[in-house]
Protein chains: 2
Amino acid sequence: MTDSLAKGHGDTRSRILDVAEVLFMEQGFDGTSMRSITSHAGVNLAAVNYHFGSKEQLIQEVFHRRLTELNRIRLTRLGELEAEAGGASIKPSRIVDAFFGTALRMASDVEGGGHTFMRLLGRTYTEPQAFVRKFLAEEYAECVEHFLAALYRALPEVDRNEILWRFHFMMGAMSYAIAGTDALQLVTGKFDDEDPSRLESRLMSFLLGGLRAPLADFGAAQ
Amino acid sequence: MTDSLAKGHGDTRSRILDVAEVLFMEQGFDGTSMRSITSHAGVNLAAVNYHFGSKEQLIQEVFHRRLTELNRIRLTRLGELEAEAGGASIKPSRIVDAFFGTALRMASDVEGGGHTFMRLLGRTYTEPQAFVRKFLAEEYAECVEHFLAALYRALPEVDRNEILWRFHFMMGAMSYAIAGTDALQLVTGKFDDEDPSRLESRLMSFLLGGLRAPLADFGAAQ
DNA sequence: CGAAAATTAAAACGTACGTTTGAATAATAC
DNA sequence: GTATTATTCAAACGTACGTTTTAATTTTCG
């Protein structure tokens, strides 16, 4: 009943986290039972409640262990850019890369689980359950605050609400690019298979094009 | 136990669909029980199985009734553009408006339920459950095929895979713009409140900027 | 009106879920 | 080596779920 993925890798706690990450991505939170998690991990049913307290706390821990690392890297990279610039303004494309590029590079780590996690994360931004949105917001708050501030400084002539919206749009484009490939594959047939490595450059071009687009005038459409 | 929204509006079948649409959006499919749906609609628990067969078929019908209409409008609009052009090429911005603008205009219809439905739809693109992805793909297949063909004709010099990817990115940006406002509000504090009417023009600018962005060269980042 | 069909109603069925319990085992500390 | 703590285990608990059943009621239509 144990999974080849998890058998013998790490202790009980780690095995549960690794298996839960995969199953949550494949079947959602509600669609993944405690029994499914523990049997795939090769541990006893009661182990989740013993090590994490509840299913809800397990979900939070699955996100916490990856997000802390992701946002740490993002802020480190932003700090490097600010140090390089030494008070001068940073190019928006570099800020965007520090935030979105870092996520895409985690998403390209298939073996280490980064790919699985980023697909899960992308879907979870629109998760209806309140407790999920709440702790995601807490995990993100500091990082997003710093990056928005950097973008405000880099684009002083652009209205801050515009930047906020475009940041939101970029989050959406990236999340779907990673999480929603199944959907478009089903609709359109198939993507070419040599894609994964090109996703990063394709998406970054798109994001920067959107970020730099002329502001909408709120009159007639073009 | 009945909801003010649904009481007395339409027959049992319609009341169930209207209530289910709202609850699915607010709490997800698994988070919404048959008992919650029927009690809010003021109908008997057995009514869903009588009228729809199962919860799964109810979910499909919630999407079918709106998506058929949405994609019909999209294709009608595309047909009008092709008739206007009379064999000449259509501006990409007009094609994008026919597809995404139409969705955004449905999303701005708060009273008629279009807003609720589009928020639900945006989240459902990344739904893990296979049967959901399957029938969404079927509902979309014809419409997406026509729009991709139109974009291919409008941008003959651009590689078709690039167009496909950018169409995907645009879908993501739009879906999150509609479905994921909660997430960013939590992260960033608040948007200004006079937004809803401006979302369409803001997003269209972003989408067109992304669509027109210079193609990535697959070498070093800028 | 009165028979036939469609719809609504209350109650129950079987199942799967998250969690808890209390004993058994393993690891740690003195 | 023994006492103490941490962990694993099998079993069960109570609950909520989707669905089904059977009867009552309403609607349809000749």
Side-chain angles (χ1 to χ4, degrees), chain A residues 1-3 6-63 124 127-132 134-135, chain B residues 1-3 6-63 124 127-132 134-135:
Chain A
M1 194 61 66
T2 61
D3 228 27
K7 182 178 267 175
H9 289 59
D11 57 7
T12 298
R13 201 186 139 88
S14 301
R15 288 219 301 279
I16 291 172
L17 286 172
D18 290 342
V19 167
E21 186 172 68
V22 173
L23 294 181
F24 286 154
M25 188 272 284
E26 290 176 350
Q27 324 186 51
F29 302 128
D30 291 321
T32 302
S33 68
M34 303 283 255
R35 285 165 178 82
S36 173
I37 293 169
T38 51
S39 68
H40 281 84
V43 303
N44 186 270
L45 170 59
V48 172
N49 288 288
Y50 176 78
H51 285 280
F52 299 94
S54 66
K55 184 178 183 179
E56 188 169 310
Q57 287 170 275
L58 168 63
I59 293 172
Q60 293 188 226
E61 188 55 32
V62 165
F63 283 92
T124 308
E127 168 68 31
Q129 294 188 74
F131 85 91
V132 177
K134 185 157 186 295
F135 82 75
Chain B
M1 194 62 66
T2 61
D3 228 27
K7 181 179 264 176
H9 291 56
D11 56 6
T12 298
R13 201 185 139 88
S14 302
R15 288 219 301 278
I16 291 172
L17 286 172
D18 291 341
V19 167
E21 186 173 68
V22 173
L23 294 181
F24 286 153
M25 188 273 283
E26 290 176 350
Q27 324 187 49
F29 302 129
D30 291 320
T32 302
S33 68
M34 303 283 256
R35 286 165 177 81
S36 173
I37 293 169
T38 51
S39 68
H40 281 84
V43 303
N44 186 270
L45 169 60
V48 171
N49 288 287
Y50 176 78
H51 284 281
F52 299 95
S54 67
K55 185 179 184 179
E56 188 170 311
Q57 288 170 275
L58 168 63
I59 293 173
Q60 293 190 227
E61 187 56 33
V62 164
F63 283 92
T124 308
E127 168 68 33
Q129 295 190 72
F131 85 92
V132 177
K134 186 156 185 294
F135 82 75

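These figures come from a predicted structure and were not determined experimentally. Residue numbers start from 1 in every chain, and the chains themselves are labelled A, B, ... in the order their sequence lines are given, proteins ahead of strands.
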Original post:
Mind checking what makes side chain to side chain donor-acceptor pair (under 3.5 Å) contact with E127(B), not counting sequence neighbours?
Top reply: Q129(B)

Original post:
For every nucleotide of nucleotides 10-21 of chain C, 5' to 3': is a protein heavy atom under 4.0 Å from its base (B), only from its sugar-phosphate (S), or from neither (-)?
Top reply: B-B----BBBBB

**OP:** Tell me, please, which residues at least two apart from R13(B) pass salt bridge (charged side-chain N to carboxylate O under 4.0 Å, His left out).
**Re:** E61(B)

**OP:** Determine the minimum heavy-atom distance between S14(A) and D11(A), stating which atoms define it.
**Re:** OG-OD1, 2.8 Å

**OP:** Whole angstrom is fine here: how far is it from CG in D11(B) over to C1' in dT7(C)?
**Re:** 11 Å

Original post:
Could you go step by step and tell me if L45(B) and M34(B) meet the side chain to side chain contact (heavy atoms under 4.5 Å, CB included) rule?
Top reply: CA-CA 7 Å; L45(B) 169 60; M34(B) 303 283 256; 3.9 Å; yes

Subject >> Any H51(B) side-chain nitrogen or oxygen under 4.0 Å from OP1 or OP2 of dT8(C) >> reply: yes

**OP:** Return yes if some donor-acceptor pair links the side-chain N/O of H40(A) with the main-chain N/O of S36(A) below 3.5 Å, else return no.
**Re:** yes

Subject >> Set of side chain to side chain donor-acceptor pair (under 3.5 Å) partners for S54(A), sequence neighbours left out >> reply: Q57(A)

**OP:** Please identify each residue that fulfils side-chain contact (heavy atoms from CB on, under 4.5 Å) with Y50(B), with sequence neighbours left out.
**Re:** none

**OP:** Enter the inter-axis angle for the ends of the helix from dC1(C)-dG30(D) to dC30(C)-dG1(D) (five pairs per end, rounded to 10°).
**Re:** 20°

Donor-acceptor pairs are to be reported for all side-chain atoms of residues 19-32 of chain B against protein atoms at under 3.5 Å, with residues two or more places apart or in another chain.
residue: E21(B); atom: OE1; partner: R66(B); partner atom: NH2; Å: 2.9
residue: E21(B); atom: OE2; partner: R66(B); partner atom: NE; Å: 2.8
residue: T32(B); atom: OG1; partner: L23(B); partner atom: O; Å: 3.1
residue: T32(B); atom: OG1; partner: G28(B); partner atom: O; Å: 2.7

Distances under 3.5 Å between protein N/O atoms and the N/O atoms of nucleotides 25-28 of chain D, please, pair by pair.
none

Original post:
Nearest-Å distance, OH (Y50(A)) to C1' (dA26(C))?
Top reply: 11 Å

Original post:
How would you list, by chain and number, every residue that makes a ring pair (Phe, Tyr, Trp, His ring centres under 6.0 Å) with F135(A), sequence neighbours excluded?
Top reply: F63(A)

Original post:
What residues, two or more places apart in sequence or in another chain, satisfy side chain to side chain donor-acceptor pair (under 3.5 Å) together with E56(B)?
Top reply: none

**OP:** Output yes when at least one side-chain N/O atom of T12(B) is less than 4.0 Å from OP1 or OP2 of dT7(C), else no.
**Re:** no

